[in-house]
Amino acid sequence: MTTKGVASTEDWKALADKEVKGKNLTWHTPEGIEVKPLYTAEDVADIDPGLPGFAPFTRGVRASMYAGRPWTIRQYAGFSTAEASNAFYRRNLAAGQKGLSVAFDLATHRGYDSDHPRVTGDVGKAGVAIDSVEDMKILFDGIPLDKMSVSMTMNGAVIPVLAFFIVAGEEQGVDKSLLDGTIQNDILKEFMVRNTYIYPPEPSMRIISDIFAYTSANMPKFNSISISGYHMQEAGATQVQELAFTIADGMEYVKYGVASGLDIDKFAGRLSFFFAIGMNFFMEVSKLRAARVLWHRVMTKLGAQDERSKMLRTHCQTSGVSLTEQDPYNNVIRTTIEAMAAMLGGTQSLHTNALDEAIALPTDFSARIARNTQLVIQEETGMCNVVDPLGGSYYIESLTQELVDKAWEIIERVDAEGGMAKAVAAGWPKAMIEQAAAATAARIDRGEQVIVGVNKYRKAEEEPIDILDVDNHAVREAQIARIKRVKASRDEAACQAALFALQDGARGGDNLLALAVEAARARATLGEISAAMEAGFGRYATKPTPVQGIYGGAYQDDVVWERLKDGVTATERRLGRKPRMLVAKMGQDGHDRGANLVSSAFGDLGFDVVPGPLFQTPQEAAALAIESDVDVVGASSLAAGHKTLIPELIRELQAAGRADIKVIAGGVIPAQDYEFLREAGVQAIFGPGTNLVKAAEEVLRLLGHNMPPVEEAAE
């Protein structure tokens with residue numbers, strides 16, 4: 001009905017139903033949120049988002065937001081040697097970048113020097129190799145650390161890396177009190193999804209408390225932790241899960257800081273956050289707004305008095321998992337949309353991913369486009385002239401409240417069960433994220449969730465693009481040479497004394513960062529500092545446990561899936577047992593989303609899957625394959641070590657007389673490397689965006705089962 005000529009929502013519904021012939025326009029998101037096609041003032045009647053700069057900071061942490069100062073353009077980068085990364089940083093800074101964000105290689109993350117035998121395929125590949133203070137000094141050569149904000153994504157080896165940064169500043173003439181930036185230092189997230197941990201949970205939490213204490217006393221401008229949801233979403237978490245677990249992690253860190261004797265208002269104001277920004281545009285805008293509301297609520301509950309302690313400040317990064325190898329120039333569009341969501345949500349700094357990062361490290365060409373995406377938004381669009389321009393939107397305000405409510409349910413469960421450390425130890429947050437990841441993979445593979453250029457509107461032929469290829473062997477040799485020079489020139493007695501003091505500190509109660517700074521001054525290496533603490537703490541390891549029934553459950557009554565299951569059964573009859581596959585993760589890359597998805601999908605089909613432990617060497621993977629009597633090894637690669645590690649695995653199998661075990665490869669592998677791997681003996685390669693159903697079909701053929709291609713079976 002209408003009143004005074006104004007249409008009502010009932011009028012709108014009748015007209016919309018007529019237009020779409022009764023089709024249901026309501027959308028159910030992966031988060032379990034029901035999104036209506038129309039929002040009105042009725043949906044926000046009880047919602048007051050307040051004003052920017054005022055509690056609970058829904059609309060932004062500063063009253064003027066970008067109208068007063070735009071967000072910091074902080075591009076995450078690092079590769080090869082400290083010299084190469086330094087040159088890259090200086091070029092980017094000259095071109096308009098405002099802050100540095102350092103990516104370290106996986107050997108560094110896991111506390112190994114570049115000369116360690118476990119890291120032969122990892123040195124310099126997915127970040128910069130840092131073995132000593134000398135590397136850190138080169139990394140920032142010509143970059144004044146009293147004027148540049150530096151963010152460092154480091155968790156496992158956080159103590160030596162932060163110690164190197166402090167000493168590099170000293171030797172540049174910059175007192176630690178003037179150092180500005182952030183260290184990630186978020187170990188709970190590592191135990192959940194990213195897995196670049198070193199020590200068990202309890203001593204890892206002690207490390208965080210020690211860093212809080214040291215930085216609050218000595219580094220007033222430095223953020224002592226960046227509580228990260230980014231890697232949760234990258235691992236498959238829904239936005240509700242990312243939001244809830246990130247805030248819950250923050251609660252846990254604050255509790256540990258207070259328990260260690262710190263005044264909550266002395267350190268909480270230096271905590272920062274880090275969120276992923278994916279392709280659900282309005283969900284991401286609302287997520288950042290909801291995060292600020294939740295953090296204010298949590299910190300009030302924990303007893304903070306200073307409003308700055310309750311203010312959630314965040315860095316954001318556009319999604320890596322949304323990038324595609326297929327039709328990669330679409331990634332420029334994706335990154336632009338995600339960057340706009342981050343700024344409309346009120347981020348304090350932002351990294352925009354480059355178009356080629358689905359397959360390799362960014363080139364100067366692609367990095368410039370990524371950086372300029374932010375510059376164009378800041379300088380050309382007028383978006384920065386209005387504070388929180390989406391504030392008051394019926395949809396945004398309603399969705400923000402929905403996210404607050406749904407995330408709070410999970411946070412309350414975490415709190416009721418004793419906090420995030422206990423929840424992580426129990427394993428249910430990780431399992432929840434892996435279930436969400438499997439459900440997403442099934443939706444994409446079935447075409448229910450569209451990825452343009454991958455499962456819809458795909459090009460007939462892909463054109464190769466130029467990529468950055470790091471010579472792992474040359475970088476490792478250069479790093480080993482520098483390690484030898486550092487050790488030859490240092491005062492060995494002073495270095496060993498500092499390392500012994502650190503080892504005793506790990507067993508006792510002295511501040512570990514303070515002790516590590518002394519060891520760094522004495523030119524102890526990253527591996528030596530990590531090993532000294534490992535002597536007191538031990539090294540942590542877990543075994544993957546793939547989820548069951550989620551991926552396969554999406555294919556119930558699907559004719560292609562049933563044909564594949566019949567093929568597995570036929571292969572089982574021929575072999576006298578189920579076909580058996582080892583899913584191997586070699587090298588120091590802990591990102592296991594792809595490996596877990598493969599294990600889950602193949603397990604649901606009926607394969608006997610052996611989920612290999614993380615961080616194996618090729619020798620260990622070959623030994624496990626032989627011991628488990630597998631038919632095929634699926635080597636999962638993400639961090640560019642495939643050209644070193646997979647050929648070595650094949651050589652190990654051949655040397656043991658088991659060349660019959662077939663080796664396939666999957667993950668972030670550039671098409672330019674396919675021929676190299678085939679010549680090395682790899683029998684099938686599955687790049688980013690591979691449909692797991694089609695992958696299973698090819699694996700069955702490798703095992704000798706003849707069946708029509710998936711497309712024919714579907715007909």
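Side-chain atoms are counted along with the backbone in the values below, which use heavy atoms only and exclude waters and symmetry mates.
With no hydrogens or angles considered, a side-chain donor-acceptor pair links S319 and E234 at under 3.5 Å. Residues N455 and D445 have side chains that never bring a donor and an acceptor to within less than 3.5 angstrom of each other. Neither side chain, E34 nor T26, offers a donor N or O lying under 3.5 Å from an acceptor on the other. Using modelled atom types, one finds no donor on one side chain facing an acceptor on the other under 3.5 Å when comparing N155 with H109. Between the side chains of E434 and N596, at least one donor N or O sits under 3.5 Å from an acceptor N or O.
Salt bridge status for R580 with E572: absent, with no side-chain N to carboxylate O gap under 4.0 Å. A salt bridge links R446 to D558: one of the charged nitrogens lies within less than 4.0 Å of a carboxylate oxygen. Here K578 does not pair with D608 in a salt bridge; the nearest charged N to carboxylate O distance is not below 4.0 Å.
Here the straight-line distance linking atom CG of D356 with atom CD of E325 works out to 11.5 Å at 0.5 Å rounding. The distance from atom CD1 of I650 to atom CD1 of I661, rounded to the nearest 0.5 Å, is 11.5 Å. For the atom pair CG of L614 and NZ of K585, the computed distance is 7.0 Å after rounding to the nearest 0.5 Å. Distance check: T120 OG1 to L645 CG gives 5.5 Å after rounding to the nearest 0.5 Å. The CZ atom of R651 lies 11.5 Å from the CG atom of L653; values are rounded to the nearest 0.5 Å. With rounding to the nearest 0.5 Å, the separation of CG in L649 from CG in L582 is 8.5 Å.
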Side-chain atoms of residues 678-689: list all donor-acceptor pairs with protein atoms under 3.5 Å, sequence neighbours left out, distances to 0.1 Å.
none

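The backbone N or O of V414 sits nowhere less than 3.5 Å from a side-chain atom of E417 that would complete a donor-acceptor pair. The backbone N or O of G127 lies less than 3.5 Å from no partner atom in the side chain of D105, so there is not a single donor-acceptor pair. Remark: the backbone N or O of A659 is not paired with any side-chain donor or acceptor of Q654 at under 3.5 angstrom. Between the side chain of D604 and the backbone N or O of G552 there is at least one donor-acceptor pair closer than 3.5 Å. Distance alone, capped at 3.5 Å, is enough to place a donor-acceptor pair between the S366 side chain and the T363 backbone. Between the side chain of S600 and the backbone N or O of V547 there is at least one donor-acceptor pair closer than 3.5 Å.
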### Task
Assess whether side chain to side chain contact (heavy atoms under 4.5 Å, CB included) is satisfied between V663 and I646, documenting all intermediate values.
CA-CA 8 Å; V663 175; I646 297 176; 4.1 Å; yes

### Query
side-chain hydrogen bond (donor to acceptor under 3.5 Å, both in side chains) between R194 and S228: does it pass, once the steps are laid out?
CA-CA 11 Å; R194 190 163 173 258; S228 174; over 6 Å; no

### Message
side chain to side chain contact (heavy atoms under 4.5 Å, CB included), that's the test. Do H642 and D673 meet it? Break it down for me.
### Response
CA-CA 9 Å; H642 51 273; D673 293 345; 2.7 Å; yes

#### Entry: From CA spacing to verdict: side chain to side chain contact (heavy atoms under 4.5 Å, CB included), R574, T571
CA-CA 5 Å; R574 182 166 49 79; T571 304; 3.7 Å; yes

### Message
Is there a salt bridge (Lys or Arg N to Asp or Glu O under 4.0 Å) between R413 and E409? Walk through the geometry before answering.
### Response
CA-CA 6 Å; R413 177 185 172 185; E409 291 176 7; over 6 Å; no

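Annotation: side chain to side chain donor-acceptor pair (under 3.5 Å) contacts of D249 (sequence neighbours excluded): none. Partners of D17 under the salt bridge (Lys or Arg N to Asp or Glu O under 4.0 Å) rule, at least two apart in sequence or in another chain, are K13. Every residue meeting the side-chain contact (heavy atoms from CB on, under 4.5 Å) condition with V35, not counting sequence neighbours, appears here in chain and number order: W27, T29, I33, Y39, Y395. Applying the side chain to side chain donor-acceptor pair (under 3.5 Å) criterion to E284, with sequence neighbours excluded, gives Q233, Q239, K287. For W561, the ring-ring contact (aromatic ring centres under 6.0 Å, His included) partners at least two apart in sequence or on another chain are Y551, Y555. Partners of F191 under the ring-ring contact (aromatic ring centres under 6.0 Å, His included) rule, at least two apart in sequence or in another chain, are Y197, Y540. For F275, there are no ring-ring contact (aromatic ring centres under 6.0 Å, His included) partners two or more places apart in sequence or in a different chain. In this structure, the side chain to side chain donor-acceptor pair (under 3.5 Å) partners of Q317, at least two apart in sequence or on a different chain, are Y230, N353. For E698, there are no salt bridge (Lys or Arg N to Asp or Glu O under 4.0 Å) partners two or more places apart in sequence or in a different chain. Residues passing the salt bridge (Lys or Arg N to Asp or Glu O under 4.0 Å) test with R539 are E534, sequence neighbours excluded.
Within a 6.0 Å radius of OH in Y457, no more than 12 heavy atoms belonging to other residues, nucleotides or ligands are found. The 12-atom threshold is exceeded at NZ of K459, counting heavy atoms of other residues, nucleotides or ligands nearer than 6.0 Å. In this structure, Q548 places its CD atom where only 12 or fewer heavy-atom neighbours from other residues, nucleotides or ligands lie under 6.0 Å away. Crowding of F365 atom CZ: a count of heavy atoms from other residues, nucleotides or ligands under 6.0 Å not exceeding 12. Within 6.0 Å of CD on E448 lie more than 12 heavy atoms contributed by other residues, nucleotides or ligands.
For the pair S322 and E338, the minimum side-chain heavy-atom distance is below 4.5 Å. With contacts defined as side-chain heavy-atom distances shorter than 4.5 Å, the pair H231/D186 does not qualify. Between Q241 and T238 there is a side-chain heavy-atom pair separated by less than 4.5 Å. Using a 4.5 Å cut-off on side-chain heavy atoms (C-beta onward), M432 and M192 make no contact. Side chains of N331 and P328 form a contact here, defined as non-hydrogen atoms less than 4.5 Å apart. Contact check for L243 versus V404: no side-chain heavy atoms found under the 4.5 Å cut-off. In this structure, I247 and W408 have side chains that are not in contact, with every pair of non-hydrogen atoms separated by 4.5 Å or more. Considering only heavy atoms from C-beta on, V193 stays 4.5 Å or farther from K430 through its side chain.
The minimum heavy-atom distance between A341 and F281, with the atom names listed, is N-CE1, 3.5 Å. Of all heavy-atom pairs spanning R458 and E462, the tightest one is NE-OE2, 4.2 Å.
Applying the ring-ring contact (aromatic ring centres under 6.0 Å, His included) test to pairs two or more places apart or on separate chains, those with a residue in residues 578-604 are F602-F607.
When the options R577, K662, R658 are evaluated for a salt bridge (Lys or Arg N to Asp or Glu O under 4.0 Å) with D631, the one that passes is R577.
The side-chain tip of R110 points at the ring of F615 from less than 6.0 angstrom away and within 45° of straight on.
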